[in-house]
2 protein chains.
Amino acid sequence: MRADARENRARVLTVARELFAERGLDVPMAAIARRAGVGIATLYRRFPTKESLVREAFTEQFALCQAVIDEALTDPDPWRGFCTVIEKVCLLQASDRGFTAAFVAGFPDLHSEVRERTWHGFTALAQRAKDTGQLRADFSPHDLTLVLMANGGLSGVPVEMATAASKRLCAYLLESFRAGTDELPPPVPLSLDQVLR
Amino acid sequence: MRADARENRARVLTVARELFAERGLDVPMAAIARRAGVGIATLYRRFPTKESLVREAFTEQFALCQAVIDEALTDPDPWRGFCTVIEKVCLLQASDRGFTAAFVAGFPDLHSEVRERTWHGFTALAQRAKDTGQLRADFSPHDLTLVLMANGGLSGVPVEMATAASKRLCAYLLESFRAGTDELPPPVPLSLDQVLR
DNA sequence: TGGTAAGTGGAGACCCCCGTCCGTTTGGCC
DNA sequence: GGCCAAACGGACGGGGGTCTCCACTTACCA
């Protein structure tokens with residue numbers, strides 16, 4: 001690949017990440033191209049479809065999620081690890097307006113690679129936190145999806161507000177997750193497959 | 001208004017409510033017209049703009065919200081009233097995919113009539129529940145908006161799943177709202193004005 | 001320094017949606 | 001039954017989105 005082409009590609013990706021973060025996934029491709037200082041055709045040469053651009057732009061974020069879970073698994077205190085995961089992932093999601101949409105839009109392809117591992121890791125973490133009696137016994141791993149979806153509902157307001165709201169929501173939820181006693185409705189099997197219709 | 005016209009209008013409204021509920025607000029006007037068995041022009045004669053159709057279709061739901069709060073205010077147990085409000089409104093929202101969008105889209109006009117009253121009623125209810133010591137002191141009325149936004153994030157999955165998820169989310173949140181002790185991040189002034197950008 | 005393949009940009013094809021125009025049909029009163 | 005305003009429906013204009021085609025430009029190597 002030629003040098004100028006490589007640089008253009010990188011700039012497009014950067015701009016795409018910025019715009020997706022601040023305005024969501026429905027920014028027109030033309031807007032991305034304009035702000036990156038390239039023509040539309042250039043953009044489409046590097047990313048044959050909008051979906052491919054989205055996926056590429058967010059793989060970094062997904063990897064970050066993975067890293068958060070991996071790191072939490074090394075925490076000697078499972079409950080602290082659990083809280084960290086919820087808080088960090090939610091904050092990641094709240095500070096990037098396109099994140100949730102990219103998550104559900106880009107996931108079908110990242111099937112085996114990230115998804116399985118993330119899910120497995122989180123399930124293990126939750127189990128450990130239950131074993132130490134800090135996480136309530138009726139917590140379901142599906143509740144992670146519940147939290148993610150709920151937290152995703154906070155997008156749409158300006159970012160600072162969304163992150164502040166996310167913090168408060170997480171605090172509320174984590175307080176409930178901590179070994180509570182009251183009866184709860186049954187967990188909803190909100191696996192990602194079902195979220196994707 | 002002629003008899004057939006009146007009937008057509010009613011059918012359009014019914015169909016619109018159905019479609020908005022199951023597919024969200026972005027169903028094309030043509031789809032509504034087709035399913036109602038009328039031409040597009042007929043639809044536009046009764047509802048000059050899509051927004052007017054949306055508003056008309058959802059006034060019923062908004063009135064229901066108002067009724068829920070009014071009724072809760074008569075409950076001798078403020079905490080029970082508080083819980084009922086949250087649960088019912090969330091369920092209303094979860095069972096209708098267009099509800100949230102209609103809420104933010106149609107509200108600017110319903111300014112004084114419904115909004116002020118709803119907000120005032122809920123604030124009063126929350127204060128009473130605090131006074132009896134059942135609702136945590138650091139609960140903010142803005143947390144209602146937080147709950148609504150979070151709950152709105154659950155839309156997008158099939159309705160039965162969304163309602164089940166909503167129940168579980170509400171149960172978690174209400175458990176936290178009940179006189180807790182842990183420190184919480186400050187409330188976010190998520191008034192509806194700000195949600196509307 | 002010149003040739004060439006890789007790179008580029010903008011016009012436009014295609015599609016979907018909102019809202020309008022106008023010729024045709026129909027309900028309901030005399 | 002006949003008249004006419006009210007009601008109707010489909011074709012169409014306008015706008016905005018994704019993606020393609022093609023004539024032009026430019027980096028890079030011999």
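Letters A, B, ... are given to chains in the order of the sequence lines, protein chains preceding strands, and every chain is numbered from 1.
A/A33 comes within 4.0 angstrom of nothing in the nucleic acid, heavy atoms only.
Aromatic rings from B/F20 and B/F99 are positioned such that their centres are separated by 6.0 Å or more. A distance of 6.0 Å or more separates the ring centres of A/Y172 and A/F177.
Distance B/I32 CD1 to C/dC17 C1': 12 Å, rounded to the nearest Å. For the pair B/E7 CD and C/dG28 P, the interatomic distance rounds to 11 Å; values are reported in whole Å. Following rounding to the nearest Å, A/D26 (CG) and C/dC16 (P) show an atom-to-atom distance of 19 Å. Atom OH in B/Y44 sits roughly 18 Å away from atom P in C/dC22 (whole-Å rounding). Taking atom CG on A/L53 and atom P on D/dT18, their separation rounds to 10 Å, with Å as the unit. Remark: C1' of C/dT20 and CE of B/M29 are 13 Å apart, rounded to the nearest angstrom. Summarising the geometry, the separation between CG on A/L43 and C1' on C/dA11 is reported as 17 Å, rounded to the nearest angstrom. Between the CZ atom of A/R34 and the P atom of D/dG16 there is a distance of 12 Å, rounded to whole Å.
Distance check, rounded to the nearest 0.5 Å: CG of B/L154 to CE of A/M149 gives 5.5 Å.
Considering only side-chain N and O atoms, A/T49 lies nowhere under 4.0 angstrom from the phosphate OP1 or OP2 of D/dT18.
B/L184 places a side-chain heavy atom less than 4.5 Å from the side chain of B/R136.
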Listed pairs, N/O of protein and of nucleotides 1-8 of chain D, under 3.5 Å:
{"from": "D/dA6", "atom 1": "N3", "to": "B/R2", "atom 2": "NH1", "distance (Å)": "2.9"}
{"from": "D/dA7", "atom 1": "OP1", "to": "B/R2", "atom 2": "N", "distance (Å)": "3.2"}
{"from": "D/dA7", "atom 1": "O5'", "to": "B/R46", "atom 2": "NH2", "distance (Å)": "3.4"}
{"from": "D/dC8", "atom 1": "OP1", "to": "B/N8", "atom 2": "ND2", "distance (Å)": "2.2"}

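Atom NZ of A/K130 is surrounded by more than 12 heavy atoms from other residues, nucleotides or ligands within 6.0 Å.
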| field | Working for side chain to side chain contact (heavy atoms under 4.5 Å, CB included), residues A/V157 and B/L190 | value | CA-CA 9 Å; A/V157 292; B/L190 281 168; 4.3 Å; yes

